[in-house]
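The shown structure was predicted, so the numbers you read here are calculated from the model rather than taken from an experiment. For ligands, and for the atoms within them, numbers begin at 1 and follow the listed sequence.
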Amino acid sequence: MTAPVRVPLRLADAHGRVATDLRVSLTDRCNLRCTYCMPAEGLQWFPTDEVLTDAEILRVLDIAVQQLGITKVRFTGGEPLLRRSLEQIVAGAAQLRTRTGGSPELSLTTNGIGLDKRVNALAEAGLNRVNISLDSLDRERYAALARRDRLDAVLAGLAASEAAGLLPVKVNAVIMRGRNEADVVPLAQFCLERGYQLRYIEHMPLGPQHAWDRSTMVTQAEILTLLAQRYTLSTAAEPRGAAPAELWQVAPDATQPGGLLGVIPSVTAPFCGACDRTRITADGQLRTCLFSRTETDLRAALRGGASDDELAQLWAGAQSRKAAAHGIGEPGFVQPARTMSAIGG
Ligand code: SAM
Ligand code: SF4
């Protein structure tokens with residue numbers, strides 16, 4: 001008798017999407033208090049025993065990559081550099097092999113503080129790329145948005161990432177009305193001159209409860225209008241696909257060599273139909289969308305003795321129930337109870 005053929009599991013949902021990109025939050029803690037993400041006084045952090053250990057994270061990654069078809073892993077938080085064992089976690093993840101035999105693509109989303117001292121070790125451990133958040137090049141505006149005067153530390157992290165060869169360095173900027181619209185063009189110029197890939201992010205309702213207001217959100221259309229006053233833009237040839245950013249090609253001029261600029265228009269032009277993401281929070285909860293209001297408790301199953309196969313099945317089941325779209329702007333939309341830092345952006 002021939003053995004039954006085992007069909008490999010994948011993270012498919014009922015809307016024709018398959019998740020291959022995993023966001024892993026390594027901590028909910030942070031050394032900044034960005035106004036769009038956290039209240040000034042910070043949050044009640046998860047108790048230490050509720051946060052997944054390094055061994056648990058590596059087991060989850062092993063299942064995700066080797067059993068569920070994940071090919072990209074992004075470490076995030078809170079601030080992932082606050083996890084002292086980040087280098088060991090990256091090194092462990094780099095040992096994994098995807099179904100096609102390659103290493104998973106490993107990247108880090110960070111505020112960049114302290115990155116200058118660790119980026120070489122992270123690159124040696126197998127990190128492929130960094131996304132560094134930088135909302136202003138003006139020291140006072142940066143400090144007002146992040147509620148901490150740390151612009152110099154972020155700039156040191158950016159320069160060190162470039163020197164370490166983690167290219168292209170990517171930069172994320174949230175633009176807020178009345179706060180940092182004046183930074184739209186200076187941030188573009190700074191990134192174009194250095195070959196960094198800048199992505200502006202529309203402000204999403206994921207910060208302190210009720211702090212979001214559609215009228216304070218600077219839209220993709222407004223960002224493009226500001227850019228078009230300074231640069232010649234054309235639609236980039238690369239299709240958007242599952243990537244959240246819409247890309248524009250900037251023509252070179254006497255001050256910069258040209259390059260790509262992106263906008264992540266999560267509110268005004270959501271990319272839900274092409275989403276290929278799945279997420280795990282620092283306290284071991286599976287979320288299929290940033291805006292999910294339900295979670296699946298992977299930690300309880302992990303600590304309750306579930307086998308790798310059982311954990312993979314639990315994850316695949318959760319993903320199969322992923323909602324078609326996040327519905328921001330629709331009448332029934334309700335912001336999730338967790339804020340961005342506790343989800344993992
Ligand atoms: N601390 C790291 C950082 O700031 O890059 C990683 C975590 S942070 C939650 C990830 C990304 O989410 C950052 O680029 C941040 O700007 C973005 N973000 C946080 N709150 C947001 C919101 N309400 N709307 C849009 N983007 C947000
Ligand atoms: Fe911290 Fe990142 Fe949230 Fe800013 S956006 S408070 S750096 S987690």
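Proximity to Asn111 (heavy-atom distance under 4.0 Å) selects the following atoms of ligand 1: 2 (C), 3 (C), 5 (O). Heavy-atom proximity to Glu202, at under 4.0 Å, picks out these atoms of ligand 1: 25 (C). Using a 4.0 Å cut-off to heavy atoms of Asn111, the atoms of ligand 2 that qualify are 7 (S). Residue Thr76 approaches ligand 1 through these ligand atoms, each under 4.0 Å from one of its heavy atoms: 6 (C), 7 (C).
For a distance bound of 2.8 Å, the N, O or S atoms of Cys34 include one lying that close to atom 4 (Fe) of ligand 2. Coordination check, Cys30 versus atom 1 (Fe) of ligand 2: passed, since an N/O/S atom of the residue sits under 2.8 Å.
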Item to check | Working for salt bridge (charged side-chain N to carboxylate O under 4.0 Å, His left out), residues Asp135 and Arg141 | outcome: CA-CA 8 Å; Asp135 302 324; Arg141 280 200 297 273; over 6 Å; no
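At a threshold of 4.5 Å between non-hydrogen side-chain atoms, the residues Ile343 and Ser25 do not count as touching.
Atom 21 (C) of ligand 1 has Tyr36 CD1, 3.5 Å as its closest protein atom, hydrogens excluded (heavy atom only). For atom 11 (C) of ligand 1, the closest heavy atom belonging to the protein is Thr109 CG2, 4.3 Å. Considering only non-hydrogen protein atoms, atom 24 (N) of ligand 1 sits nearest to Met204 N, 2.9 Å. What sits closest to atom 3 (Fe) of ligand 2 on the protein, heavy atoms only, is Cys37 SG, 2.4 Å. Considering only non-hydrogen protein atoms, atom 26 (N) of ligand 1 sits nearest to Val174 CG2, 3.6 Å. Annotation: atom 8 (S) of ligand 1 to nearest protein heavy atom, Gly77 O, 4.4 Å.
Rounding to the nearest 0.5 angstrom, the gap separating the OG1 atom in Thr20 from the CZ atom in Arg10 is 11.0 Å. One distance of note links CD of Gln313 with CG of Leu9; it measures 4.5 Å at 0.5 Å rounding.
For Leu32, no heavy-atom contact with ligand 1 is shorter than 4.0 Å. The part of Asn172 lying near ligand 1 is the side chain, judged by heavy-atom distances below 4.0 Å.
Residue contacts with ligand 1: Pro80 is placed with no nitrogen or oxygen under 3.5 Å of a nitrogen or oxygen of the ligand (distance criterion only). Not one N or O of Pro205 is nearer than 3.5 Å to an N or O of ligand 1, by distance alone. Ligand 1 has no N or O atom lying under 3.5 Å from any N or O atom of Asn131, backbone or side chain. Checked against a 3.5 angstrom limit, the closest N/O atoms of Glu79 and ligand 1 fall inside it.
Under the 4.0 angstrom criterion for non-hydrogen atoms, Gly78 is in contact with ligand 2.
The pair Asp149-Arg139 meets the salt-bridge criterion, with a side-chain N (NZ, NE, NH1 or NH2) lying under 4.0 Å from an Asp/Glu carboxylate O.
A side-chain hydrogen bond (donor to acceptor under 3.5 Å, both in side chains) with Asp54 holds for exactly one of Gln88, Arg84, Arg83; it is Arg83.
Put simply, the side chain of Arg299 gets close to the backbone of Asp283: a donor and an acceptor are under 3.5 Å apart. Looking at Tyr200, its side chain does come within 3.5 Å of a backbone N or O of Val184 through a donor-acceptor pair. With Asp183 contributing its side chain and Leu187 its backbone, the two residues share no donor-acceptor pair below 3.5 Å. Looking at Trp212, its side chain does come within 3.5 Å of a backbone N or O of His203 through a donor-acceptor pair. Using a distance-only test at 3.5 Å, with no hydrogens or angles considered, a donor-acceptor pair links the side chain of Glu79 to the main chain of Asn111.
The option with the heavy atom closest to atom 13 (C) of ligand 1, from among Ser133, Gly78, Ala146, is Ser133. Among Arg23, Lys170, Met340, the residue whose heavy atom lies nearest to atom 18 (N) of ligand 1 is Met340.
Within a 6.0 Å sphere centred on NZ of Lys72, other residues, nucleotides and ligands contribute 12 heavy atoms or fewer.
Under the ring pair (Phe, Tyr, Trp, His ring centres under 6.0 Å) criterion, the residue pairs touching residues 324-345 are Phe291-His326, Phe291-Phe333, with sequence neighbours excluded.
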